[in-house]
Amino acid sequence: MLVLQTIRENPEEVLNLLAIKNFDGKEILQTILALDDKRKETQRMLDDNLAQGNLLAREIGNLFKAGKAAEANLLKEKTSELKELSKELSTTFEMTKKELETALLKVPNLPHPSIPRGKTPEDNEIVHEEGSIPDLPDSAVPHWDLAARYDLIDFALGNKIAGAGFPVYKGKVARLQRALINFFLDRAIAEGYLEIQPPYLVNADSGFGTGQLPDKDGQMYYAPVDDLYLIPTAEVPVTNMYRDVILKESDFPLKNVAYSSCFRREAGSYGKDVRGLNRLHQFDKVEIVQVSHPDSSYSVLEEMKNYVSGLLRALELPFRIVKLCGGDMSFTSAMTYDMEVYSAAQKRWLEVSSISNFESFQANRMKLRYKDETGKMQLAHTLNGSALALPRIVAALLENNQTHEGIKIPEALVPYTGFKIID
RNA sequence: GGAGAGAUGGCAGAGUGGUCGAAUGCGGCGGUCUCGAAAACCGUUGAUCCCUUUUGGGAUCCGGGGGUUCGAAUCCCCCUCUCUCCGCCA
């Protein structure tokens, strides 16, 4: 949620930045400012009214104490119309506030001024490319064929037990995934992240805090009996640890890492995007989350980007870093880098990580603040990134490392898997 | 799941209808003292919003929501959470 003051102070600049995200904010910004004016005016009247009421109540109290019941009862009559007016005003006030918030929630986060303009992934900016794309023999096959050949992943079985998008992993690929999780966690811990094991179900307040609600509630699995949502990413519970928290400047930077399963309904996905491991309803991910001082959030973003690059390097996967254009960025992000790994048999880049700076957009929703040196309250900045999501990493490892003898495990992982080859 | 008790400021803890945003203690911050620190003493110590150029004034907040009342932390109803006992259980 944008800070209202920003809109009020620089409406033109806000409009221009929103245009980078292809969002025409002209109408809604006007609505927001008008609603805010109305809110203020209503509050002024309401406050005056309540103040009068308080004054009267005090007088009546004093009169009763002094034993002047008759006079007190006379004053009582005066309060009734005051009360009625207050009730009316407070109804208007609450309604206006709600309307204002609803409108404010419809406005996406402002992109950083450096964000490239554009509408589709083609307009994204490739900022880095690294590693050599393996030259596979003609006999090379995509991971779903490898999974069948070595009896690693059973999609049909998952379909029977749960449904499409819930594969069953078996044997060495199950161990490979467990190895990856531990590898990712150990690396993050060595980098100064605090490991967190969060709840997998969250309440509506948490979904709201990170921006899944109210806009994207159709993307989360929902347990209506208990009014809880299955997390689409550990970002939700971990970031929400800091909801309604007031930090000290010395608390920065807060660095958390969490492994979790992730649950996504992925309504509306289809085609080659959902083949094999490319898009699942349930998958595992290690997520890094940082809460930072506003002055350093962009250097933190770079640091996180470099950290994830190091993971891919260690896994010997060819990757590239893409800075998302305005049109491809999420509602809540101010800047996002996608990390993409080349999947040699599918001959395409697979997004394995998305690293974003949300600036104060989430913090404003969550009331995540800190006191600066002068004692003033300021909104903190939040960032997060996958480090990393497993399925596509597994897909790329299987595909890129296939040989006639079997699938080779990268050296860095061998201490974790306990084996060097899947055959 | 059943029965009972409770939820107050950073923490502990008083307050059971009338200047109570809230005693007191601890903690935090500032000062005196000290070469410095500790101790002691003095002062200070929440958030949000509105009006005001500053100073200042006002409203709201005692788990959350609703109600009674001229007036609610205090009374009533609903919900959530915590604790104790019973039941069930990895």
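Numbers restart at 1 for each chain; the letters A, B, ... are given by sequence-line order, proteins then strands. Heavy-atom basis, side chains included; hydrogens, waters and symmetry copies ignored. Only a predicted model underlies this, so the values are computations on that prediction, with no experimental measurement involved.
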Base, sugar-phosphate, or nothing: which does [X] touch, judged by heavy atoms less than 4.0 Å apart?
X	value
A/Leu56	nothing
A/Asn73	nothing
A/Lys248	nothing

Next on the checklist: Donor-acceptor check, side chain of A/Asp24 to backbone of A/Lys26, threshold 3.5 angstrom: yes or no?
Outcome noted: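 Flag set: sc A/Asp24 to bb A/Lys26 pair under 3.5 Å.
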
Hey, is the side chain of [X] poking within less than 4.0 Å of OP1 or OP2 on [N], counting only N and O atoms?
X	N	value
A/Arg44	B/G58	no
A/Lys367	B/A47	no
A/Asn54	B/U60	yes

Please determine, for [N], whether a Watson-Crick or G-U wobble partner exists with both distances under 3.5 Å, and give it or none.
N	value
B/G43	B/C29
B/U74	none
B/C83	B/G4

Separation between the [atom1] atoms of [N] and [M], rounded to whole Å:
N	M	atom1	value
B/C85	B/C75	C1'	29 Å
B/C35	B/C20	P	45 Å
B/G65	B/U80	C1'	10 Å
B/G18	B/C83	C1'	34 Å

key: Nearest-neighbour nucleotide for the A/Arg369 side chain, B/A47, B/C70, B/G58 considered   =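 Out of B/A47, B/C70, B/G58, the nucleotide with an atom closest to A/Arg369's side chain is B/A47.
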
Quiz item: Atom NE2 in A/His293, atom CG in A/Asp251: separation rounded to 0.5 Å?
Solution: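 Between A/His293 NE2 and A/Asp251 CG, I get 11.5 Å after rounding to 0.5 Å.
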
Note to self: Measuring from atom CD1 of A/Ile189 to atom NZ of A/Lys255, what distance do you get when rounded to the nearest 0.5 angstrom?
What the structure shows: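 Rounded to the nearest 0.5 Å, the CD1-NZ separation comes to 12.0 Å.
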
Rounded to whole Å, please give me the gap between CD in A/Gln43 and C1' in B/C61.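 That distance rounds to 13 Å.
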
When you compare the side chains of A/Thr210 and A/Gln362, does any donor N or O come within less than 3.5 Å of an acceptor on the partner?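 No pair is found: no donor N or O on one side chain lies under 3.5 Å from an acceptor on the other.
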
Self-check item: Electrostatic pair A/Arg117-A/Asp123, nearest N-O below 4.0 angstrom
Solution: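 Answer for the salt bridge query: no.
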
